[in-house]
Amino acid sequence: KRHKFWETQPVGQFKDLGDTSLPEGPIEPPTPLSEVKQEPYNLPSPYEWTTCDMDSEEMCNEVYVLLTNNYVEDDENMFRFNYSKEFLRWALRPPGYYRSWHIGVRVKTSKKLVAFITGVPARIRVRDAVVIMAEINFLCVHKKLRSKRLAPVMIKEVTRRVHMENIWQAAYTAGVVLPTPVSTCQYWHRSLNPKKLIDVGFSRLGARMTMSRTIKLYKLPDKTVTPGFRKMELHDVPAVTRLLRNYLKQFMVAPDFDENDVEHWLLPKEGVIDSYLVESHETHEITDFCSFYTLPSSILGNQNHSTLKAAYSYYNVSTKTPLIQLMNDALIVAKQKDFDVFNALDVMQNDSFLKELKFGPGDGKLHYYLYNYRTKHVLRSSELGLVLL
Ligand SMILES: COc1cccc(CC(=N)NC(=O)c2cccnc2OC2CCNCC2)c1
């Protein structure tokens with residue numbers, strides 16, 4: 001039976017699609033905290049709940065190993081996301097995070113970590129309403145425990161723990177269609193190391209193309225071209241916050257970042273997040289910003305390469321430098337840092353540079369979801385100003 005679980009949840013139901021008489025906003029009112037279930041949901045008997053303390057080297061490593069071997073693969077099962085431990089610590093400990101929302105499932109006897117799901121708090125604006133939500137991510141069940149219906153009880157448990165903090169909405173993405181996407185994005189890839197991408201089967205040699213012609217097609221300058229283009233530093237946080245808040249106003253769904261959030265989410269961290277800005281030489285004004293995060297993928301079953309080094313476009317703002325030129329500088333820096341590919345979704349204004357900068361369409365879509373919040377319409381991907389990790 002399709003979506004047996006999701007039909008029981010306060011999410012847009014397929015039957016409601018097109019019914020614009022339903023108001024935008026929460027689908028269900030908050031429950032009085034005294035009525036929120038105080039004890040964890042029951043797991044099947046061999047399993048127990050555990051809280052994964054990401055500050056603990058040992059637990060962070062258990063989470064890393066579980067995801068490395070069991071997390072999301074591409075449609076052809078050739079690649080698997082390989083989030084690093086430093087990345088996971090960054091992604092899961094933003095301002096105001098709750099350790100209790102880093103939820104694991106262990107086998108009672110062996111204590112082996114076999115499943116994981118997380119939430120982090122975020123202030124997200126939907127049209128004119130700023131809503132405190134949980135961003136749900138890293139839902140992972142060990143390959144050997146699939147279709148034991150563990151995911152529904154894990155989703156209920158993270159929902160219960162979010163409710164206990166008096167938070168009633170959530171945001172999440174998935175490669176699969178569930179009831180009901182608030183928006184659906186196409187992902188795009190820009191080759192930086194075409195020879196390796198073709199060797200590992202990520203890309204195919206174009207028709208009537210030779211390898212040397214392909215390498216030349218994707219060649220980039222050794223240096224960035226925009227005057228004043230430099231790495232973001234701590235003292236830039238106030239200016240970058242102003243720039244980003246102003247830019248994100250144009251989108252229907254976007255994070256409501258303050259300086260604390262910007263300092264956490266956008267200050268460069270080696271091997272995790274890279275962010276650059278353009279500072280005018282005369283006025284010292286910060287006029288543009290671009291950022292990408294590092295998410296390698298394990299290459300499954302290739303003799304010569306084990307890892308695909310991928311950069312993922314994060315938040316970009318252009319007010320003086322043309323977005324195409326700014327993003328080309330981002331590609332140049334990514335190539336300098338030996339990334340193999342630069343990925344982007346067609347969110348925000350990304351559509352304006354994808355084709356011209358030689359991105360090719362990916363073979364899948366990424367669906368965005370809101371939990372317990374109805375929007376009047378399904379959004380165009382260009383109305384989305386939210387990038388999840
Ligand atoms: C290349 O290695 C892969 C390993 C696993 C899955 C995919 C395809 C895929 N599903 N890609 C995306 O979801 C994707 C493509 C472009 C930009 N962001 C993305 O996903 C982000 C955001 C959602 N959480 C995962 C990372 C590719």
Side-chain angles (χ1 to χ4, degrees), residues 3-6 8-9 11 37-75 77 79-94 97-121 134-165 167 170-176 178 295-298 300 366-367 369 371 388-389:
H3 306 310
K4 208 163 77 59
F5 168 71
W6 285 107
T8 70
Q9 299 297 301
V11 289
K37 190 173 184 316
Q38 296 300 305
E39 64 288 337
Y41 280 88
N42 290 331
L43 279 167
S45 56
Y47 309 110
E48 64 187 10
W49 296 112
T50 187
T51 295
C52 295
D53 177 355
M54 299 307 284
D55 299 342
S56 145
E57 174 55 37
E58 187 188 356
M59 282 204 199
C60 184
N61 190 59
E62 283 183 284
V63 168
Y64 170 76
V65 168
L66 175 73
L67 295 177
T68 297
N69 297 318
N70 301 280
Y71 199 45
V72 178
E73 296 173 9
D74 69 306
D75 289 348
N77 305 104
F79 308 100
R80 186 184 306 129
F81 286 138
N82 187 212
Y83 289 87
S84 73
K85 284 190 268 193
E86 273 319 299
F87 188 105
L88 292 168
R89 285 202 177 98
W90 170 67
L92 296 177
R93 297 184 305 178
Y97 79 96
Y98 302 92
R99 191 163 291 125
S100 58
W101 293 8
H102 304 157
I103 305 170
V105 174
R106 292 186 188 282
V107 179
K108 279 176 187 159
T109 48
S110 65
K111 299 299 176 199
K112 181 181 162 64
L113 186 71
V114 291
F116 189 57
I117 188 168
T118 69
V120 292
E135 284 178 358
I136 304 302
N137 208 341
F138 304 112
L139 169 57
C140 178
V141 172
H142 194 285
K143 282 172 177 275
K144 293 195 175 118
L145 302 184
R146 299 283 165 89
S147 37
K148 284 182 177 290
R149 305 299 293 169
L150 277 178
V153 67
M154 292 172 70
I155 293 166
K156 282 183 206 164
E157 181 59 15
V158 73
T159 304
R160 187 189 70 82
R161 297 190 190 189
V162 168
H163 286 165
M164 287 179 74
E165 304 299 343
I167 293 174
Y172 50 102
T173 59
V176 292
L178 303 166
L295 169 50
S297 279
S298 305
L300 311 174
L366 191 68
H367 307 279
Y369 300 94
Y371 183 93
L388 298 187
L389 302 172

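By convention here, the first residue in the shown sequence is residue 1. Keep in mind that what you see is a predicted model, and the values were worked out from it rather than measured.
- Other residues, nucleotides and ligands place more than 12 heavy atoms under 6.0 Å from the CD atom of Q38.
- Counting all heavy atoms, side chain and backbone alike, W49 lies closest to V153 at CH2-O, 3.8 Å.
- Side chain of R89 to backbone of D55: no donor-acceptor contact under 3.5 angstrom is found.
- Counted by atom type alone, N69 and K143 present zero donor-acceptor pairs between their side chains at under 3.5 Å.
- Under the 3.5 Å distance criterion, the side-chain polar atoms of Y41 are left unmatched by any main-chain donor or acceptor of K156.
- The backbone N or O of S100 lies less than 3.5 Å from no partner atom in the side chain of T51, so there is not a single donor-acceptor pair.
- A donor-acceptor distance shorter than 3.5 angstrom exists from the side chain of K108 to the backbone of S45, with no hydrogens or angles considered.
- Shown are T159, I103, L139; of these, the side-chain contact (heavy atoms from CB on, under 4.5 Å) with M154 is made only by L139.
- The neighbour count for K144 NZ, taken as heavy atoms of other residues, nucleotides or ligands under 6.0 Å away, does not exceed 12.
- The backbone N or O of F79 sits less than 3.5 Å from a side-chain atom of D74, completing a donor-acceptor pair.
- Counting non-hydrogen atoms of neighbouring residues, nucleotides and ligands closer than 6.0 angstrom, the NZ atom of K85 exceeds 12 such neighbours.
- Minimum interatomic distance between V158 and G119 (heavy atoms only, all atoms of both residues): CG2-N, 4.3 Å.
- Taking each heavy atom of Y83 and L88 in turn, the nearest pair found is CB-CD2, 3.9 Å.
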Give the C-alpha distance, both sets of side-chain angles, the deciding distance and a yes or no for side-chain contact (heavy atoms from CB on, under 4.5 Å) between Y47 and V114. CA-CA 9 Å; Y47 309 110; V114 291; 4.3 Å; yes
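- Between E157 and K37, no side-chain nitrogen of the basic residue sits less than 4.0 Å from a carboxylate oxygen of the acidic one, so the salt-bridge criterion is not met.
- One distance of note links NZ of K112 with NE2 of H142; it measures 4.0 Å at 0.5 Å rounding.
- Salt bridge E165/R161: absent, no basic N to carboxylate O contact under 4.0 Å.
- Side chain of N137 to main chain of L389: a donor-acceptor pair is present (N/O by atom type, distance under 3.5 Å, no hydrogens or angles).
- Across all their heavy atoms, V176 and H367 have their closest contact at O-CD2, 3.4 Å.
- The nearest pair of heavy atoms linking I136 to A170 is CG1-CB, 4.1 Å.
- A donor-acceptor pair under 3.5 Å is absent between the side-chain atoms of H102 and the main chain of M54, judged by distance alone.
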